[in-house]
Amino acid sequence: MILKTQPYSIENLLGDLLRSNTIDETEEKKIRSYLEEHPPTSLIPWYMKLIVIIGAWTGAIIFSLALGISRIINFESFSSTTIFGVLFISTAIFCYLGLAKSKNTTPTEASLKHVFWSQVALVLSVLGHLLLLIGITIKFHTPGIFVLSLALCIGLFKLVGDSLHRFLSCLLVPFTAITWIMDKNIPDLFHILVFIEVAILIFLVYKKIDDKTFKPLKYAMVFSILILFFILQLPWAHHEILMLPSNIIMIAVLTGVCLHAAKENGFKIPVADGIIVGGLMIVCLGLLSTPGIIASIALLIFAFHSRDNLLRAAGITFFPGFIFIFYYNMNMQLDEKSGIIAGTGLVLLGFREYLKRRFRVQMETMSEKNQSEGNE
Amino acid sequence: MPDTIPIETETNPPPQEIKKLEYRAKPSIINSLHKAGILSTPLRDEALKRVQQPLNWLYWSNRFLLFVGAALILTGIVFFFAFNWEKMGKFIKFILVETGIIVSIITAWKLGLEKITGKVFLLSASILVGVFLAVFGQVYQTGADSYELFVGWSILILGWVLISKFTALWITWLTILNIAVYLYWDQILVPHDITTFTTLLVTLSILNTAALVFAFLGRFKKIEWLDSTWHYRLILASILFFLSLGAIQFIVEERESSVILLLLFVAAIVGTYWFFRYRSRDMAALTLSAFASTAVFLTFIGHLILNERDNDTSISIRLFIFGLIVIGVCSGVVYLLHRLAKEPVGEHHDS
């Protein structure tokens, strides 16, 4: 009894390609042979991986408690925290390098062992980083932790092949930078940090550097920008920091994303439409909104264009949060706010109507195509 | 009725049809084939076209603007009423909520309960009944306990739940019932010292087990709206949660009255294992059961090892041992589950 729709499998794909004579039997055998030797690790269901992850993290935290209680690690000593930090990170690197070289197990067993040991290594690395940060803070304060996190990120980036490790390592750098900026109390530096992160993202996208190695860096930059804007928009912060420079940066990003998506998809935007829509975008979003809202809109468009579910999830998660904080921070009565909120909604629905009328033929064609394919 | 009712999932294809490549065709797999030189660029593009739907920007922007625009308008309306709530007369309040219920019911009737939108409107009407009861209690200050609101709510919407054939509404109704039981225990039984936390957990477990039995009877009779897996997994998770809580309470507090929960917990684990391994294979359900067992077992071990007060060195040694046990047990459980997942569906195993 099949209780849900079967997904489109590799088996289905090979069958379709064979039937349409896109591939022959020799090519099919090559594909099968390669996939049997290199099955995707997602053969292990996510809920089983979750138990492994919980077990690894819980065990490692308990070990750290044991070390802490026994006073083997003295959390108030620079030398103790630094030595153990280096020891943990070295052990983690050793585990990661061992995993990379492991050849003797079958692929599925390797996946399960790989999940377990990569989690143990990750936990050791996280603990090592934390201990080093504590130690460096004791001696060198906030500039030291920024330099340390940057050095560790660059040093370990190629050495450790684990994507999650790379992501966390890259995410740590902007956060230590934020800590340093807050410590020095120079809020304008936040905008420079945003500019640098956006520049890194533009470089990665423009150069089409999208392989597995640099994807964690891309995600880390995106998440750190969103989290930074979220923190800056919180009620205690938003009155003190002028957000206009980041607004300008984000409007430029949004414009760039729209043009990039249009170019990649072969859309030709009429000049008049471009000027009207672009002008409205700059006025409404740039002057009346916040960089967080603009960033999450740009992210949603980019995520849809690049079919990236993680970025889409991030956009869907952060967008309502930014909208909520934006309206919460408005210095007016609730009934006035409710009018503005409802009015914004009407504007969006009005823009939707404009699009429907402007692109009526294309939408009707899409609708007929969906109906004929039985998608409706 | 067949002896076994295999549930085909992405990880459990039937044995006679096991093909090695039944997993989902993802773009990442195709890109890795291209990177390894197995697929040429034109072949990769052809494969990606089959695996990925073409981007429909107009559809996406249409849906995005509709969803966000509608959400903002509704939020604005809700905030407007929230601001003016105190100033509104009681009849305006009732008229608003009742209009919402009537509009939802009429819309559900017009659209028909065969369509998902009709069912969603019926769900909205059911939720608004609860809102109505809350407003009623607020306006008239009857002094009734809140459990009465939930009991009344569950009774009033029962008819709609039965005709809706909508799993989400059924689960909502079950949730309301669970809350009613908890509030009755908390507001009536506990102040009169009639019962204990154990009784609450047992009652909730029995209630949800009855729901689980109903869900599976429906599946065996092939009732379409009970065909999905998410709802019975959710009910199973709640049963295991209540019983795990009881078992942990017995272990930690060493209360004799909780022994019944420990026995029920063991029975639930054994029953879940037997049913979802031999009768209706479902690895997710088995994993839930394994997770609950692991949590209780590790609590027992932790209580045994760490309960005694001692010097720091002894505690740290025991913590270290406990850490090893945690890692070992979790890894062992996943290893066993993974072996189970590789077994063909429908075969009986003695070991």
Side-chain angles (χ1 to χ4, degrees), chain A residues 1-4 7-14 16-17 22-23 30-32 34-36 40 42-45 47-48 51-52 54-56 58-59 62-63 65-66 69-71 112 116 265 300 304-305 307 334-335 337-339 341-342 344-346 348-349 351-352 355-356 359 362-363 366, chain B residues 5-8 10-11 19-25 29 33 36 38 43 46-47 50-52 55-62 65-66 68-70 72-73 75-77 79-80 82-84 227 229 283-284 287 291 312-313 315-316 319-320 322-324 326-327 330-331 333-335 337-338:
Chain A
M1 177 170 67
I2 295 172
L3 294 180
K4 65 175 187 180
Y8 187 70
S9 65
I10 295 286
E11 204 60 50
N12 297 138
L13 175 66
L14 288 177
D16 286 347
L17 291 173
T22 313
I23 58 171
K30 266 173 78 178
I31 294 169
R32 282 187 183 280
Y34 177 83
L35 289 175
E36 279 164 30
S42 58
L43 278 178
I44 312 288
Y47 40 81
M48 286 192 203
I51 298 183
V52 174
I54 290 171
T58 310
I62 292 172
F63 287 146
L65 279 173
I69 290 172
S70 64
R71 309 241 164 86
L112 206 57
F116 175 74
N265 287 278
L300 284 167
F304 181 71
H305 162 68
R307 302 172 203 268
L334 192 56
D335 58 346
K337 281 192 201 183
S338 64
I341 291 169
T344 312
L346 283 170
L348 291 178
L349 290 181
F351 185 56
R352 176 178 171 261
L355 284 178
K356 274 174 74 175
F359 298 100
Q362 289 95 317
M363 289 185 85
M366 284 290 175
Chain B
I5 300 172
I7 298 171
E8 292 174 13
E10 287 177 42
T11 57
K19 294 172 189 171
K20 291 172 185 163
L21 305 180
E22 279 295 343
Y23 40 85
R24 185 189 295 267
I29 298 172
L33 282 164
I38 309 289
L43 264 179
E46 179 62 34
R50 289 171 190 274
V51 166
Q52 289 173 335
L55 288 177
N56 188 342
W57 282 96
L58 289 170
Y59 178 80
W60 178 82
S61 50
N62 182 31
L65 291 167
L66 175 64
V68 176
L72 286 173
I73 289 173
T75 307
I77 293 169
F79 281 179
F80 178 77
F83 180 77
N84 293 297
D227 219 18
T229 53
M283 286 310 302
T287 306
F291 188 74
D312 287 347
T313 309
I315 291 173
S316 59
L319 265 175
F320 187 77
F322 183 58
L324 284 173
V326 166
I327 292 175
C330 289
S331 307
V333 162
V334 172
Y335 174 73
L337 283 172
H338 192 58

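Both the backbone and the side chain of A:Leu346 come within contact range of chain B, with heavy atoms under 4.5 Å apart. Looking at B:Leu337, both its backbone and its side chain come within 4.5 Å of chain A, counting heavy atoms on both sides.
Of the listed residues (B:Phe322, B:Trp60, B:Phe320), the one with the most heavy-atom contacts under 4.5 Å to chain A is B:Trp60. For chain A, the option among B:Val68, B:Ile77, B:Val333, B:Asn84 with the highest count of heavy-atom pairs below 4.5 Å is B:Val68. The choice from A:Ile62, A:Leu349, A:Asp335 that makes the most heavy-atom pairs within less than 4.5 Å of chain B is A:Asp335. Taking chain A as the reference chain and counting heavy-atom pairs below 4.5 Å, the highest number among B:Ala70, B:Gly69, B:Ala82 is found for B:Gly69. With chain B as partner, the option from A:Ile23, A:Ile31, A:Leu14 having the largest number of non-hydrogen pairs under 4.5 angstrom is A:Ile31.
Rounded to the nearest 0.5 Å, atoms CZ (B:Phe80) and CD1 (A:Ile341) are 13.0 Å apart. Note that the NZ atom of A:Lys30 and the CG atom of B:Leu33 stand 10.5 Å from one another [nearest 0.5 Å]. With values rounded to the nearest 0.5 angstrom, A:Leu348 atom CG is found 10.5 Å from B:Leu66 atom CG. In this structure, CZ in B:Arg50 is found 11.5 Å from CG in A:Asn12, a value given to the nearest 0.5 Å. With rounding to the nearest 0.5 angstrom, the CD1 atom of A:Ile10 is 4.0 Å from the CD1 atom of B:Ile29.
Among all heavy-atom pairs drawn from B:Glu46 and A:Leu17, the shortest one is CG-CD2, 4.1 Å. Residues B:Phe291 and A:Ile54 approach most closely at CE1-CD1, 3.9 Å, considering heavy atoms. In terms of heavy-atom proximity, A:Ala66 sits nearest to B:Ser316 at O-CB, 3.2 Å.
By the 4.5 Å heavy-atom criterion applied to side chains, B:Ile327 and A:Phe63 are counted as neighbours. In this structure, B:Trp57 and A:Leu355 have side chains that are not in contact, with every pair of non-hydrogen atoms separated by 4.5 Å or more.
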